[in-house]
Trainee: 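One structure follows; several queries about it will come next.
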2 protein chains.
Amino acid sequence: MPRIGLSRDRLVEAAAKLADEHGFDKLTLAALARHFAVKLASLYSHVKNSDDLKTSVALFALSELADRADEAVAGRAGKDALVALANVHRNFAREHPGLFEAARFRLDATSAAVSGGARLSRTTQAVLRGYALTDTDCTHAIRLLGSFFLGFPVLESAGSFSHSQPEAEASWSRSLNALDALLRGWALP
Amino acid sequence: MPRIGLSRDRLVEAAAKLADEHGFDKLTLAALARHFAVKLASLYSHVKNSDDLKTSVALFALSELADRADEAVAGRAGKDALVALANVHRNFAREHPGLFEAARFRLDATSAAVSGGARLSRTTQAVLRGYALTDTDCTHAIRLLGSFFLGFPVLESAGSFSHSQPEAEASWSRSLNALDALLRGWALP
DNA sequence: GATATATCCTAATGCAATTAGGTATCTACA
DNA sequence: TGTAGATACCTAATTGCATTAGGATATATC
């Protein structure tokens with residue numbers, strides 16, 4: 001039998017695709033083996049187990065998200081940067097629903113430390129430099145923005161906004177306007 | 001063999017407890033059967049299948065959350081009501097991590113319509129009456145708040161805030177202050 | 001061309017989900 | 001109180017995923 005040329009990277013890449021197509025929760029080693037027309041046990045030469053694969057997909061997702069964020073923010077500042085960063089999250093969630101789910105996969109502390117999550121946090125911090133906040137307020141603002149960047153796409157893709165008018169799009173840009181104003185006036189009560 | 005007296009309600013209640021103890025994703029019919037010292041197949045007299053159980057737990061969670069919201073908001077208005085509603089979400093997420101996860105379980109349209117989710121949305125709307133918004137802006141604000149009420153506890157319980165100072169608590173109250181100010185000045189640019 | 005590595009395999013085990021069909025227990029009514 | 005029917009719980013069987021042990025062979029290196 002000829003060898004198909006599997007590798008850890010090819011597996012993770014294909015797993016990411018499967019997650020986007022069928023949902024991260026439906027991602028199984030068995031499905032991945034079928035995708036490569038290979039026996040399930042063969043995957044264990046490349047990944048430790050199912051959790052190892054999912055962790056790798058999660059790290060891939062966070063890294064991808066952080067890449068996009070860095071690219072989007074480069075050369076922008078103030079509200080312009082804020083909107084760009086926000087749209088990275090929302091667009092990522094729409095284009096890669098499985099990876100967006102994966103990004104919320106529970107990581108152990110060591111994985112989390114080297115993940116794109118930390119980089120994303122730094123990028124958000126950089127965006128906030130346009131708003132003249134104290135260090136502490138900057139942390140608060142990162143957390144507020146992070147919550148919104150996560151929560152809105154989650155609710156939107158869950159369909160929570162699809163049963164009422166107006167379009168989610170309008171709420172998105174209106175909310176970003178409001179958050180921009182909020183950040184500009186953060187120091188005030 | 002004596003009968004143990006199972007019922008759909010007892011199963012859902014126990015499933016909710018198991019979800020809180022071990023995580024909603026670890027909730028299985030097999031674990032539930034073990035909990036009642038009953039054979040796995042016996043559960044099928046009371047629930048249709050695994051998905052049916054999880055859906056019921058999700059509806060239970062949403063209903064519980066909506067109950068708490070209604071209770072917390074009663075007799076309050078303005079910022080007082082806003083903070084009370086926000087804390088309902090955060091406290092629920094901390095006291096019932098499994099149920100909070102369950103509340104994000106994908107529901108079909110008909111289940112979603114009768115779920116506590118719709119009620120929660122109405123309660124949020126009621127809280128916003130203290131802020132003199134147009135109907136459209138009210139919808140935008142509901143979505144913004146909903147995103148934050150979901151996103152912050154998710155990130156907090158994922159440990160995303162535990163590797164930096166200050167405490168999440170401070171960011172929470174600071175963010176609520178900011179959101180209150182935002183809502184009061186919503187009409188302004 | 002020989003050898004070593006690693007890739008992919010077969011085989012076996014355990015656990016979760018589901019279905020079919022049986023038995024015994026509870027309940028309600030005569 | 002005794003019996004009939006409903007149903008609560010069971011056994012048994014099938015399927016699918018995860019995991020491990022150990023074997024065979026394609027491929028790379030020398």
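Every chain is numbered from 1 and lettered A, B, ... according to where its sequence line falls, protein lines coming before strand lines.
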Trainee: Can you measure A:Tyr44 atom OH to C:dA6 atom C1' for me and round it to whole angstrom units?
Mentor: 18 Å

Trainee: Separation of B:Asp9 atom CG from D:dA8 atom P, in whole Å?
Mentor: 13 Å

Trainee: B:Thr139 and A:Arg174: side-chain donor and acceptor closer than 3.5 Å?
Mentor: no

Trainee: Mind checking whether A:His96 and A:Phe100 have ring centres under 6.0 Å apart?
Mentor: no

Trainee: What does the list of N/O pairs under 3.5 Å between the protein and nucleotides 14-17 of chain D look like, with a distance for each?
Mentor:
| residue | atom | partner | partner atom | Å |
| --- | --- | --- | --- | --- |
| D:dC17 | OP1 | A:Arg34 | NH1 | 3.4 |
| D:dC17 | OP1 | A:Arg34 | NH2 | 3.2 |
| D:dC17 | OP2 | A:Arg34 | NH1 | 3.2 |

Trainee: Run the side-chain donor-acceptor check on residues 10-17 of chain B: report pairs under 3.5 Å with partners two or more places apart or on a different chain.
Mentor:
| residue | atom | partner | partner atom | Å |
| --- | --- | --- | --- | --- |
| B:Arg10 | NH1 | B:Ile4 | O | 3.3 |
| B:Arg10 | NH1 | B:Gly5 | O | 3.0 |

Trainee: Whole angstrom is fine here: how far is it from CD1 in B:Ile4 over to C1' in C:dA24?
Mentor: 16 Å

Trainee: D:dA12, D:dT19, C:dC8: which one has an atom nearest the side-chain heavy atoms of B:Ala41?
Mentor: D:dA12

Trainee: For B:Thr110, what residues pass the side chain to side chain donor-acceptor pair (under 3.5 Å) criterion, not counting sequence neighbours?
Mentor: B:Asp108

Trainee: Would you be so kind as to tabulate the donor-acceptor pairs closer than 3.5 Å made by side chains of residues 22-35 of chain B, with sequence neighbours excluded?
Mentor:
| residue | atom | partner | partner atom | Å |
| --- | --- | --- | --- | --- |
| B:Thr28 | OG1 | B:Ala31 | N | 2.9 |

Trainee: With a 3.5 Å cut-off and sequence neighbours excluded, list the donor-acceptor pairs that the side chains of residues 79-90 of chain B form with protein atoms.
Mentor:
| residue | atom | partner | partner atom | Å |
| --- | --- | --- | --- | --- |
| B:Lys79 | NZ | B:Asn177 | OD1 | 2.4 |
| B:Asn87 | OD1 | B:Trp172 | NE1 | 2.8 |
| B:Asn87 | ND2 | B:Val83 | O | 3.3 |
| B:His89 | ND1 | B:Leu85 | O | 3.0 |
| B:Arg90 | NE | B:Glu156 | OE1 | 2.8 |
| B:Arg90 | NH1 | B:Glu169 | OE1 | 2.8 |
| B:Arg90 | NH2 | B:Glu156 | OE2 | 2.9 |
| B:Arg90 | NH2 | B:Glu169 | OE1 | 3.3 |

Trainee: So, do A:Gln165 and B:Asp135 sit near enough that their side-chain heavy atoms are less than 4.5 Å apart?
Mentor: no

Trainee: Phosphate oxygens OP1/OP2 of C:dT7: is one of them under 4.0 Å from a side-chain N or O of A:Ser42?
Mentor: no

Trainee: Check DNA chain D against residues 45-54 of chain B and give the residues with a non-hydrogen atom under 4.0 Å, in numerical order.
Mentor: B:Ser45, B:His46

Trainee: Taking the side chain as every heavy atom from C-beta outward, state whether A:Lys48 and A:Ser56 have any atom pair closer than 4.5 Å.
Mentor: no

Trainee: Provide, to the nearest angstrom, the distance between the CG atom belonging to A:Leu43 and the P atom belonging to D:dT20.
Mentor: 13 Å

Trainee: Rounded to the nearest angstrom, tell me the gap between atom CG in B:Leu6 and atom P in C:dC26.
Mentor: 13 Å

Trainee: Can you tell me how far P of C:dT18 sits from NZ of B:Lys39, to the nearest Å?
Mentor: 18 Å

Trainee: Do A:Arg68 and A:Phe92 meet the cation-pi criteria used here (NZ or CZ under 6.0 Å from the six-membered ring centre, within 45° of the axis)?
Mentor: no

Trainee: Figure out the NZ/P separation between B:Lys26 and C:dC15, and round it to whole Å.
Mentor: 16 Å

